[in-house]
Amino acid sequence: MPTYLKPGWLPIALLGLIILFFWRPELATLAAGVALFMMGMRHLEDGFRAFTGGALERWLAKSTNRLWKSLLFGITSTALVQSSSLVTLLSIAFLSAGLITLVAGIGIVFGANLGTTTGAWLIALVGLKVDLAAVAMPMLVFGVMLGRRVEAHWKGIGQVLLGIGLLFLGIDLMKAGFEAFEGALDLERIAVSGWLGVLIYTLVGMLATVLMQSSHATMMITLAALAAGQLAYGNALAMAVGANLGTTITAVIGAVGSNNAGRRLAAAHILFNLVTAAVALVILPWLVRAVDISADLLGIAADAYTLKLAIFHTLFNVLGLVIMLPWVPLMVSLLMRWIPDERQTGEGDAAGAMLSEQPRTRAIYLNDSALLHADTALKVLDQELGHLASLSRQVIAVALYLPPGVLKGLSAQELHQQILRPVPAALREDADALYERHVKGVYADIIDFISRMDLSLLPEQQQALLQLGVASRDLVEAVKAAKHLQTNLRRQIDSTLPPVREAYDLLREQCGLALLELERLSSLQGDTEAQRALFHAYEEQEKLFSDDFQRRLQVRLRNREIDGWQATSLLNDMHYLLRIRRGLQTAHAALADRIPLVEQPALPVRERVEPSISLP
């Protein structure tokens with residue numbers, strides 16, 4: 001739940017609550033019930049994350065590949081965790097990470113609105129008639145015991161039991177709190193009838209949901225107040241509509257910390273709730289009549305207002321599905337047009353400009369909503385690593401004065417011919433400036449994102465996170481090696497000594513061949529054996545080049561075509577080139593085909609890589 005009070009106002013608010021609690025102890029009981037209910041939802045959320053860790057992508061792919069499956073997924077998941085807000089935020093996170101499509105996300109969010117009605121039915125049928133505190137006690141005991149286990153599945157079960165126990169205990173306290181108000185405060189006497197009452201209590205329900213960040217909590221308060229006779233039936237219906245409207249703030253909060261893909265889903269959620277609430281308010285008398293008819297068919301008494309409120313809540317959300325589902329294709333088309341994808345460096349209008357003149361680059365896939373779940377966090381990290389890899393290849397190519405076609409399918413023969421041509425001075429961009437403008441910012445965002453991953457990771461997720469961190473560092477080290485290589489290249493590319501100039505042309509050509517090979521990875525998706533063969537050939541080419549380059553230097557030095565100073569400089573620059581190749585190699589091996597990182601082909605380790613990340 002977001003923080004609404006600034007630190008300076010917090011002591012005043014707490015003091016005010018203490019005074020109210022001493023003045024009306026029953027108010028403290030009611031507030032404690034709300035607090036326990038919300039704490040129970042938080043534990044249910046944690047249990048849900050523990051159960052879905054590690055296999056979320058495969059599960060979502062099977063459960064959301066059709067609109068009706070997405071609807072069912074949203075209904076079921078909301079019924080299980082009793083939090084449409086959580087399901088909405090997770091759906092935004094899934095979409096922002098590319099785990100689901102926009103259509104699937106819309107289906108989940110629409111289904112979550114219907115799934116939230118299960119809570120009202122549970123309380124109306126059982127919660128207000130059974131001593132839930134007696135049921136909650138053993139659940140709390142077993143939940144605490146299992147929640148302390150190390151194993152993820154047992155810990156998840158413990159969190160779920162603890163969450164349900166706290167939910168039940170919170171409902172029982174809310175019921176007791178409203179019953180204690182009888183005779184002291186009768187909301188029935190201040191009930192507002194007519195359309196004015198509808199609008200006022202709709203606003204009350206919306207504000208309560210915004211403050212508590214839970215339409216479930218608002219519905220539980222409404223049901224408890226209705227059962228205790230502290231709220232008129234008509235006003236309770238309006239509060240139910242307001243509770244649904246209030247959940248739009250959850251989508252707004254999720255959209256703020258998401259990318260454009262997540263913002264589309266947030267917009268769809270807001271549109272669904274606004275349209276549904278507006279139509280429901282316009283036809284409210286007919287909806288009330290439909291509730292009465294449904295209650296008669298189900299054998300529900302005319303004065304069983306809590307059950308009739310549950311019926312109204314269900315009909316209200318079914319109405320939203322009936323209205324909005326036929327418009328999903330049009331909604332998707334409009335949202336894609338109104339909120340387009342972010343552009344990467346090198347795309348769009350700036351594509352023809354020099355790299356150093358393009359806008360400063362930052363992370364485009366990382367977003368706060370992805371931090372809700374370990375799998376979504378790792379997914380967007382993987383995507384951002386692909387972004388960093390693309391930027392690194394561009395910066396390295398420009399830093400070594402390679403022709404633009406080296407990143408667009410240039411053949412090896414065409415590369416050789418273009419390497420021999422003079423490089424115009426106007427096209428010689430500074431590697432340090434390119435690094436600061438396009439690489440360092442993205443890497444800093446990656447490090448910051450990892451530092452904020454306050455999530456429980458499974459062993460395979462920890463391994464994936466480690467490899468992603470090391471791969472991003474390798475890319476940065478490759479770019480830094482290109483910076484060092486450019487220092488001598490800038491001075492020697494126009495050298496009057498043919499052996500020196502030819503040696504630097506060989507280094508540039510070898511780097512270009514490496515970039516050409518790595519560009520081929522995109523055409524080998526799904527073919528692990530072909531990827532292994534590519535990396536094997538990549539290493540063989542590196543070894544052949546290294547041996548041949550050193551042999552050439554020895555011959556040139558023996559023939560006095562170059563001196564010892566020039567030879568050592570060329571050897572140092574050859575090692576910088578090898579660092580470029582190896583850094584790119586290890587990072588792209590982690591990215592190859594987006595297969596699980598723990599299953600990547602093992603590559604010969606030429607030097608020890610410490611499992612740490614440092615910001616250059």
Side-chain angles (χ1 to χ4, degrees), residues 345 355 361-363 366 381-382 384-402 406-407 429-451 463-490 507-508 510-515 517-519 521 535 538-539 541-543 545-546 569 571-592 597 600 602-616:
T345 299
L355 193 59
T361 309
R362 300 303 295 261
L366 305 182
L381 271 175
D382 187 45
E384 197 58 54
L385 184 60
H387 179 217
L388 181 60
S390 175
L391 289 170
S392 299
R393 293 195 303 270
Q394 292 180 61
V395 169
I396 289 171
V398 174
L400 300 189
Y401 309 148
L402 295 174
V406 75
L407 299 174
E429 302 186 54
D430 181 66
D432 280 304
L434 293 173
Y435 168 75
E436 293 287 336
R437 194 170 191 84
H438 297 299
V439 175
K440 188 171 183 177
V442 176
Y443 186 54
D445 290 339
I446 289 174
I447 299 304
D448 178 68
F449 186 85
I450 292 175
S451 71
Q463 177 66 18
L465 178 61
L466 176 64
Q467 288 184 280
L468 285 169
V470 171
S472 62
R473 190 194 66 180
D474 288 339
L475 288 171
V476 171
E477 291 298 327
V479 174
K480 292 176 71 178
K483 286 168 51 181
H484 291 299
L485 178 52
Q486 193 195 65
T487 302
N488 283 336
L489 176 63
R490 187 185 294 113
L507 293 175
R508 293 170 59 221
Q510 187 60 211
C511 184
L513 290 172
L515 293 175
E517 285 296 294
L518 295 175
E519 286 291 326
L521 280 175
F535 284 120
Y538 185 96
E539 288 203 329
Q541 175 62 29
E542 178 183 304
K543 186 177 184 302
F545 170 77
S546 176
S569 293
L571 282 173
N572 284 335
D573 288 336
M574 182 197 73
H575 287 294
Y576 283 132
L577 173 65
L578 296 182
R579 285 173 57 185
I580 293 171
R581 288 181 57 97
R582 292 169 190 171
L584 291 174
Q585 175 194 24
T586 54
H588 283 76
L591 280 168
L597 299 177
Q600 291 295 337
L603 298 170
V605 180
R606 298 176 182 269
E607 58 185 11
R608 185 166 180 263
V609 179
E610 294 293 338
S612 62
I613 303 173
S614 59
L615 185 64

For [X] and [Y], which heavy atoms make the closest approach, and how far apart are they?
X      : Y      : result
Ala397 : Leu515 : CB-CD1, 3.8 Å
Cys511 : Ile396 : SG-CG2, 3.6 Å
Glu384 : Ile446 : CG-CG1, 3.9 Å
Leu489 : Ala399 : CD2-O, 4.2 Å
Ser546 : Leu578 : OG-CD1, 4.2 Å
Gln585 : Phe535 : O-CE2, 3.8 Å

Q) Does the Arg508 side chain pair with the main chain of Leu400, one donor and one acceptor, at a distance under 3.5 Å? A)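 Present.
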**Q.** Donor-acceptor under 3.5 Å (Ser390 side chain, His387 main chain)
**A.**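 Here the side-chain-to-backbone pair does not exist.
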Q) Ion pair present between Asp430 and Arg490, side-chain N to carboxylate O less than 4.0 angstrom? A)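 Yes, charged N to carboxylate O under 4.0 Å.
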Q.
Between Glu477 and Arg582 (salt bridge meaning N to carboxylate O under 4.0 Å), is one present in this structure?
A.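 Salt bridge between Glu477 and Arg582, a charged N being under 4.0 Å from a carboxylate O: no.
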**Q.** Sequence neighbours excluded, every pair satisfying salt bridge (Lys or Arg N to Asp or Glu O under 4.0 Å) that has a member inside residues 385-397
**A.**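 Matches after skipping sequence neighbours: Arg393-Glu519.
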Q: Tell me whether the guanidinium CZ or amine NZ of Lys440 lies under 6.0 angstrom from the six-membered ring centre of Tyr435 and within 45° of its axis.
A: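 No.
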Q.
For Asp432, run the side-chain hydrogen bond (donor to acceptor under 3.5 Å, both in side chains) check against Lys483, Gln486, Lys480 and tell me which one passes.
A.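 So the option named by the test is Lys483.
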Q. At what distance, to the nearest 0.5 angstrom, does CZ of Arg579 lie from CG of Leu577?
A.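 One gets 11.5 Å once the value is rounded to the nearest 0.5 Å.
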Pairwise side-chain contact, [X] with [Y], heavy-atom cut-off 4.5 Å (strictly under):
X      : Y      : value
Leu521 : Leu591 : no
Leu513 : Phe545 : no
Leu355 : Val395 : yes
Asp448 : Leu366 : no
Tyr401 : Glu429 : no
Ile447 : Ser451 : no
Tyr576 : Asn488 : no
Leu391 : Tyr443 : no

Q) Would you say the side-chain atoms of Arg581 and Gln510 include a donor-acceptor pair closer than 3.5 Å? A)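 Yes, a side-chain donor-acceptor pair sits under 3.5 Å.
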Q: Please determine, by modelled atom types, if Thr586 and Asp474 share a side-chain donor-acceptor pair under 3.5 angstrom.
A: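 Yes, side-chain donor-acceptor contact under 3.5 Å.
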Q: Kindly indicate, with the supporting measurements, whether the criterion side-chain contact (heavy atoms from CB on, under 4.5 Å) is fulfilled by Leu434 and Val439.
A: CA-CA 7 Å; Leu434 293 173; Val439 175; over 6 Å; no
Q: Test Leu475 against Leu385 for side-chain contact (heavy atoms from CB on, under 4.5 Å), laying out the working first.
A: CA-CA 9 Å; Leu475 288 171; Leu385 184 60; 3.6 Å; yes
Q | Which residues share a salt bridge (Lys or Arg N to Asp or Glu O under 4.0 Å) with Asp445, sequence neighbours left out | A |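 Asp445 satisfies salt bridge (Lys or Arg N to Asp or Glu O under 4.0 Å) with Arg362 only.
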Q.
Evaluate Thr487 against Asp573 for side-chain contact (heavy atoms from CB on, under 4.5 Å), listing each step before the verdict.
A. CA-CA 9 Å; Thr487 302; Asp573 288 336; over 6 Å; no
